[in-house]
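Since the structure comes first, as structure tokens, the remarks are kept for the end.
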Amino acid sequence: LRELVQVLNHHRLGLNHVEPDILGRAYEYLLRKFAEGQGQSAGEFYTPRMVGMLMALILDPQPGMSCYDPTCGSSGLLIKCHLQVLDKFSQDVNGHKRLPSTTAPLKVYGQEINPSKFAMARMNAFIHDIEAEIALGDTMRRPAFTDAAGSLRHFNLITANPMWNQNFPTTLYENDPFERFTRGTPPASSADWGWVQHMAASLTPSGHLAVVLDTGAVSRGSGNQGSNRERDIRKAFVEQDQVEAVILLPENLFYNTPAPGIILVLNKAKRHAGEILLVNASKLFSKGRPKNEMSEAHAAQIAALYADWR
């Protein structure tokens, strides 16, 4: 360790000397390596890089917009949206990407319940030179971002990968002071549609969100009472014409499960009323160990399909 410090001591590594994303990529590399050693618990703080980039491409963040992640983990999804703005609108200033003074940065907000992951998120934002508001706390019970009247604040964009099939008592939904769960009470065994309802309630009237969910979240609903509850909530979102796209991802991408996930896209200002884009991207991956990987080309292909349709 002493020798490593001596090597690093020969280089200037401040944010003014190194492109923030170089430090950011190094930090993400360390997070990924840490995730590989954590097994299933890694899914609580790390979303595969290209899944995050795909979500950012879908959301297409613009300068001055607000972007929120209610379960931000290490804040990787928020960082990807920031980098998307930087890639599209930055100028080269002495070899560094900088937004022009006339271009407003993306406004970044996140909440994380776990103190160690909250610390990771703050560090990740700092390394990327982002002025992010990251709050520590339980989003489902005590959302941190409220207005002066105590109501939920609203955001232009939401990107999230909440832990799948979390357990919350139904009384939490039924006695919610923020009136988030008006489309129905999710089952106690799976909070997937509780999270989606929280996010939908946190969007502006023209807001747009992308969230990673278990495939069962879009298929459960024939049999027991709990799965029927999920079916009814899904039906309410479809009838309100807020579901814009569902993207089936490859299997074995995520550190908490070998199962494939989906990206659910909600849009309160859909251009194709009455239509839902269904994308089967299950074959777009490269075999890897311990996990499969999506490439940048795969993410760009899916995003282009969505953009062309939209």
Side-chain angles (χ1 to χ4, degrees), residues 12-35 38 42-57 59-90 93 96-101 103-139 142-146 153-163 199 202 209-212 255:
R12 300 182 71 86
L13 298 176
L15 293 178
N16 291 327
H17 304 98
V18 179
E19 184 67 34
D21 193 36
I22 293 176
L23 292 176
R25 288 198 299 270
Y27 188 68
E28 184 177 43
Y29 171 82
L30 293 174
L31 286 175
R32 180 168 65 84
K33 287 300 182 182
F34 180 64
Q38 293 299 298
E44 296 178 18
F45 66 88
Y46 185 78
T47 299
R49 179 171 179 265
M50 279 303 149
V51 174
M53 287 304 300
L54 173 57
M55 296 167 75
L57 289 167
L59 291 175
D60 190 26
Q62 301 296 306
M65 282 186 169
S66 56
C67 186
Y68 168 57
D69 185 344
T71 60
C72 70
S74 60
S75 77
L77 296 179
L78 294 169
I79 300 295
K80 301 300 185 298
C81 288
H82 161 79
L83 293 176
Q84 183 67 10
V85 172
L86 208 59
D87 285 344
K88 290 180 67 174
F89 300 99
S90 67
V93 180
H96 295 263
K97 288 183 178 180
R98 296 286 187 266
L99 290 176
S101 59
T103 302
L106 188 71
K107 292 174 282 190
V108 173
Y109 304 85
Q111 186 166 350
E112 172 55 42
I113 191 172
N114 184 292
S116 63
K117 297 172 182 63
F118 163 75
M120 288 182 190
R122 293 285 297 271
M123 178 62 74
N124 208 359
F126 173 77
I127 286 174
H128 282 89
D129 200 19
I130 301 172
E131 292 187 11
E133 289 191 39
I134 308 295
L136 175 64
D138 186 336
T139 302
R142 291 178 295 280
F145 298 103
T146 55
R153 284 174 64 177
H154 298 113
F155 304 92
N156 302 115
L157 305 174
I158 296 177
T159 180
N161 179 14
M163 188 189 303
M199 294 177 211
S202 302
L209 74 81
V211 57
V212 177
Y255 284 93

side-chain contact (heavy atoms from CB on, under 4.5 Å) between Cys72 and Leu77, intermediate numbers included
CA-CA 7 Å; Cys72 70; Leu77 296 179; over 6 Å; no
Between Asn161 and Thr47, is the side chain to side chain donor-acceptor pair (under 3.5 Å) condition met? List the steps.
CA-CA 7 Å; Asn161 179 14; Thr47 299; 3.0 Å; yes
Apply side-chain contact (heavy atoms from CB on, under 4.5 Å) to residues Leu209 and Thr159 and explain how you reach the verdict.
CA-CA 6 Å; Leu209 74 81; Thr159 180; over 6 Å; no
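The minimum heavy-atom distance between Ala160 and Thr71, with the atom names listed, is CB-OG1, 4.2 Å. Pairing each heavy atom of Thr139 with each of Pro70, the nearest pair is OG1-O, 2.7 Å. Annotation for Met55 and Ala210: closest pair CE-O, 3.2 Å, computed over non-hydrogen atoms. Among all heavy-atom pairs drawn from Val85 and Pro61, the shortest one is CG2-O, 3.5 Å.
The side chain to side chain donor-acceptor pair (under 3.5 Å) check on Ser66 picks up Asn156, with sequence neighbours excluded. Applying the side chain to side chain contact (heavy atoms under 4.5 Å, CB included) rule to Asp87 yields the partners Lys97; only residues at least two apart in sequence or on another chain are considered. The side chain to side chain contact (heavy atoms under 4.5 Å, CB included) test applied to Ala144 returns Gln111, Ala135, not counting sequence neighbours. For Phe118, the ring pair (Phe, Tyr, Trp, His ring centres under 6.0 Å) test picks out no residue, with sequence neighbours left out. For Ala56, the side chain to side chain contact (heavy atoms under 4.5 Å, CB included) test picks out Lys80, Cys81, Gln84, with sequence neighbours left out. When the side chain to side chain contact (heavy atoms under 4.5 Å, CB included) test is applied to Pro105, the partners found at least two apart in sequence or on another chain are Leu99.
With rounding to the nearest 0.5 Å, the separation of NE2 in His154 from OG in Ser202 is 6.5 Å. Atom CG in Asn114 sits 8.0 Å away from atom CE in Met120 (nearest 0.5 Å). Atom CG in Asp69 sits 5.0 Å away from atom CG in Leu78 (nearest 0.5 Å). To the nearest 0.5 Å, the span separating CD1 on Ile130 from NE2 on His82 amounts to 4.0 Å. Between the CG atom of Leu157 and the NZ atom of Lys107 there is a distance of 11.0 Å, given to the nearest 0.5 Å. Rounding to the nearest 0.5 Å places OG of Ser75 at 11.0 Å from CE of Met123.
In this model, no donor atom of one side chain and acceptor atom of the other lie less than 3.5 Å apart for Asn124 and Ser74.
Under the 3.5 Å distance criterion, the side-chain polar atoms of Gln62 are matched with a main-chain donor or acceptor of Asp60. A donor-acceptor contact shorter than 3.5 Å is absent between the side chain of Glu112 and the backbone of Lys117.
Annotation: Tyr68 is not in aromatic contact with Tyr109 [ring centroid separation under 6.0 Å not met].
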